[in-house]
Amino acid sequence: MLTTRQSLNQATNAVHAAAWATQDGDLHVVREDVGRHNALDKVIGALGRQGLDPSTGFVVMTSRASYELVQKAAAAGIPLLAAVSRPTGLAVRLADAAGLTLVALLRGRSGNAYTHPERLVAP
């Protein structure tokens with residue numbers, strides 16, 4: 001669970017997190033920052049430093065799914081971006097055009113698939 005891996009947020013209640021997980025949901029890289037974009041940048045950088053293939057997993061964010069996050073994920077080769085809050089309309093359109101699966105409104109084990117739901121597998 002991402003919230004248990006957010007030490008800075010537990011101390012401050014004021015930062016976002018981004019995490020890269022394997023297809024089975026195991027969190028391998030978790031990074032926090034006051035800016036959601038910075039948190040994702042940190043995850044992408046860590047994937048490169050650790051030699052992990054971004055396309056073999058997905059990213060989950062504790063924020064709104066903005067078009068900038070979609071662009072960064074797509075450019076890094078991440079096939080799925082999941083966020084706890086609603087996506088912007090532009091984020092949905094860009095995700096669709098980029099072939100990125102965009103899931104938002106995460107609530108436990110449920111969420112809304114806005115684009116390319118064919119990548120999702122029911123539990």
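We use all heavy atoms of the structure for the numbers below, so side chains are in, but hydrogens, waters and symmetry mates are not.
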Participant: Could you check whether any side-chain heavy atom of Arg64 comes within less than 4.5 Å of a side-chain heavy atom of Pro87, counting everything from C-beta outward?
Facilitator: no
Participant: State, yes or no, whether a side-chain contact exists between Leu40 and Trp20 at a heavy-atom distance under 4.5 Å.
Facilitator: no
Participant: Give me the atom names and distance for the closest heavy-atom approach of Ala65 to Ala91.
Facilitator: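 It is O-CB, 3.3 Å.
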Participant: Would you check if Thr22 and His28 make a side-chain contact, meaning some heavy-atom pair closer than 4.5 Å?
Facilitator: yes
Participant: Taking C-beta and beyond as the side chain, do Tyr67 and Lys72 meet within less than 4.5 Å on heavy atoms?
Facilitator: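 No - every pair of side-chain heavy atoms lies 4.5 Å or more apart.
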Participant: Can you tell if the side chain of Met61 reaches within under 4.5 Å of the side chain of Ser85, non-hydrogen atoms only?
Facilitator: no
Participant: Under a 3.5 Å distance rule, please check whether Thr115 uses its side chain to pair with a backbone N or O of Leu102 as donor and acceptor.
Facilitator: yes
Participant: Do His16 and Asp33 come within less than 4.5 Å of each other through their side chains, counting heavy atoms only?
Facilitator: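 Answer no - side chains too far apart.
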Participant: Run through Val103, Asp96, Leu100 and flag the one making a side-chain contact (heavy atoms from CB on, under 4.5 Å) with His116.
Facilitator: Asp96
Participant: To the nearest 0.5 Å, tell me how far Asn38 CG sits from Glu32 CD.
Facilitator: 13.0 Å
Participant: Checking the side chain of Arg49 only, and the main-chain atoms of Ile44 only, is there a donor and an acceptor separated by less than 3.5 Å?
Facilitator: no
Participant: How long is the gap from CD1 on Ile78 to CG on Leu47, to the nearest 0.5 Å?
Facilitator: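 Ile78 atom CD1 to Leu47 atom CG measures 6.0 Å (nearest 0.5 Å).
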Participant: Would you call Leu81 and Leu69 a side-chain contact if the rule is heavy atoms closer than 4.5 Å?
Facilitator: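 The answer is yes, as the side chains (C-beta and beyond) meet within the 4.5 Å cut-off.
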Participant: Output yes when a side-chain donor or acceptor of Thr62 lies under 3.5 Å from a complementary backbone atom of Ala17, and no otherwise.
Facilitator: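 The answer is yes, because a donor-acceptor pair under 3.5 Å joins these two groups.
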Participant: Just wondering, do Val92 and Val70 contact through their side chains at under 4.5 Å, heavy atoms?
Facilitator: no
Participant: What's the shortest heavy-atom distance between Thr56 and Asp53, and which atoms?
Facilitator: OG1-O, 2.7 Å
Participant: Taking the side chain from Arg119 and the backbone from Pro79, do they hold a donor-acceptor pair closer than 3.5 Å?
Facilitator: yes
